[in-house]
Amino acid sequence: VDDSVLAIIHFGEMLALESDPESRDAAQRMYDMAAERIEKLPLGPDDFIGIPETILVLLGKQEEASQLLSARLKSSNPTWKEELLRFLADPEREPNELLAAVAPNSYNEVMARKLIALRYLSRGETEPAAEQFQACRQINYYLPDSYWASAYLRRLKTDPDWLEWLETR
């Protein structure tokens, strides 16, 4: 699996939360690049390369992300990976539903909590996002998502006005 795709997604997520148009344009380009690379990869049914549509949600394009994610869903009996897609595709889906679907696996929970936190950030809800990032870190399972959770927490603590611009979007 191409790990560079995950790096593109993670950086695209971070850039999508910046207020300046250049960063947000770069985030869109990163989404396009990640989606194109994923499309070309010979992925098997159990392969999971990330969710580039998270970038679209953070850019305020929930409807587009929902349509793309719905097309990726394959079964009525979803795997934990598909539960991540279902959660992001449905903005009304409760975080506890996702957490129940991925429990009791620490690896899955780290990824789920980061995704929940990013959805909160996309709405400008920094307190519940920080709680999810903190929970992600407390699981103490070393995935890139854990390190990104630390970066988001640090940014939220050091720059309390970081996401105020989201209200005007």
Side-chain angles (χ1 to χ4, degrees), residues 5-28 30-31 34 48-66 68-70 72 80-169:
V5 173
L6 289 175
I8 292 166
I9 293 169
H10 288 301
F11 284 112
E13 290 168 349
M14 187 63 89
L15 286 170
L17 290 167
E18 296 301 324
S19 61
D20 64 284
E22 294 84 15
S23 292
R24 297 177 59 70
D25 288 345
Q28 179 66 53
M30 291 182 134
Y31 164 77
F48 185 70
I49 192 62
I51 308 172
E53 292 85 2
T54 307
I55 298 169
L56 295 177
V57 171
L58 294 169
L59 288 171
K61 300 178 179 183
Q62 177 66 57
E63 190 173 318
E64 180 182 350
S66 293
L68 291 165
L69 289 162
S70 295
R72 288 177 62 184
W80 72 269
K81 297 168 190 175
E82 288 179 315
E83 288 292 348
L84 296 172
L85 302 180
R86 287 178 190 275
F87 175 78
L88 197 60
D90 181 358
E92 302 303 317
R93 188 145 187 226
E94 292 295 323
N96 288 338
E97 291 178 51
L98 176 58
L99 292 173
V102 301
N105 185 304
S106 297
Y107 175 88
N108 303 356
E109 187 178 349
V110 167
M111 293 177 70
R113 287 193 181 276
K114 179 182 170 255
L115 189 62
I116 292 166
L118 290 177
R119 187 167 83 176
Y120 281 129
L121 286 185
S122 76
R123 300 171 178 178
E125 299 175 43
T126 57
E127 287 182 35
E131 290 170 12
Q132 291 299 321
F133 286 133
Q134 187 61 42
C136 185
R137 289 298 302 148
Q138 288 174 339
I139 294 167
N140 205 23
Y141 196 97
Y142 296 101
L143 285 170
D145 298 73
S146 298
Y147 297 109
W148 282 102
S150 292
Y152 284 108
L153 275 171
R154 195 171 310 112
R155 180 77 186 265
L156 287 167
K157 288 178 183 174
T158 60
D159 189 358
D161 300 329
W162 173 35
L163 298 174
E164 282 186 358
W165 67 273
L166 282 173
E167 296 171 9
T168 62
R169 173 167 76 176

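Just so we're clear, the structure is a prediction, and the values are computed from it rather than from any experiment. What you see below is based on every heavy atom in this structure, not just the backbone, and it leaves out hydrogens, waters and symmetry mates.
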Are the side chains of [X] and [Y] in touch, meaning some heavy atoms are under 4.5 Å apart?
X    : Y    : answer
L88  : L115 : yes
F87  : I116 : yes
W162 : T126 : no

Taking all heavy atoms of [X] and all of [Y], pick out the closest pair and write down the distance.
X    : Y    : result
W80  : M111 : CH2-SD, 3.7 Å
M14  : A151 : CE-CB, 4.3 Å
Y31  : P52  : CD1-O, 3.2 Å
A112 : L84  : CA-CD2, 3.8 Å
P91  : R123 : O-NH2, 2.6 Å
G50  : L6   : CA-CD2, 4.0 Å

(request) Determine, step by step, whether E82 and R72 satisfy the salt bridge (charged side-chain N to carboxylate O under 4.0 Å, His left out) criterion, reporting the C-alpha distance in whole Å, the side-chain angles of both residues, the deciding distance to 0.1 Å, and the verdict. (result) CA-CA 8 Å; E82 288 179 315; R72 288 177 62 184; over 6 Å; no
(request) Please name all residues satisfying ring-ring contact (aromatic ring centres under 6.0 Å, His included) with Y152, sequence neighbours left out, ordered by chain then number. (result) F133
(request) Could I get the full list of ring-ring contact (aromatic ring centres under 6.0 Å, His included) partners for W148, not counting sequence neighbours? (result) H10, F11
By salt bridge (charged side-chain N to carboxylate O under 4.0 Å, His left out) - contacts of [X] (at least two apart):
X    : value
R155 : E18, D159
R113 : E109
E97  : R93

Counterpart residues, side-chain contact (heavy atoms from CB on, under 4.5 Å), relative to [X] (two or more places apart):
X    : value
A130 : L153, L156
E64  : L56, K61, L68
S106 : I139, Y141

(message) As a quick check of understanding, evaluate side-chain contact (heavy atoms from CB on, under 4.5 Å) for L121 and L163, giving each step before the final call.
(response) CA-CA 8 Å; L121 286 185; L163 298 174; 3.4 Å; yes
(request) Please assess E127 against Q132 for the test side-chain contact (heavy atoms from CB on, under 4.5 Å), listing each intermediate value before the final yes or no. (result) CA-CA 9 Å; E127 287 182 35; Q132 291 299 321; over 6 Å; no
Can you sort out the partners of [X] under side chain to side chain donor-acceptor pair (under 3.5 Å), two or more places apart, ordered by chain and number?
X    : value
S66  : Q62
S150 : R137
S70  : none
D20  : S23

(request) Any chance you could lay out the side-chain contact (heavy atoms from CB on, under 4.5 Å) test for L58 and I55, step after step, and finish with the verdict? (result) CA-CA 5 Å; L58 294 169; I55 298 169; 5.8 Å; no
(request) Return yes if some donor-acceptor pair links the side-chain N/O of N105 with the main-chain N/O of N108 below 3.5 Å, else return no. (result) yes
(message) Distance check, rounded to the nearest 0.5 Å: L118 atom CG versus L17 atom CG?
(response) 7.0 Å
(message) Would you compute the distance between atom CD of E125 and atom CG of L166 and round it to the nearest 0.5 angstrom?
(response) 10.5 Å
(request) Take R24 and L15 through the test side-chain contact (heavy atoms from CB on, under 4.5 Å) and record every step on the way to the result. (result) CA-CA 6 Å; R24 297 177 59 70; L15 286 170; over 6 Å; no
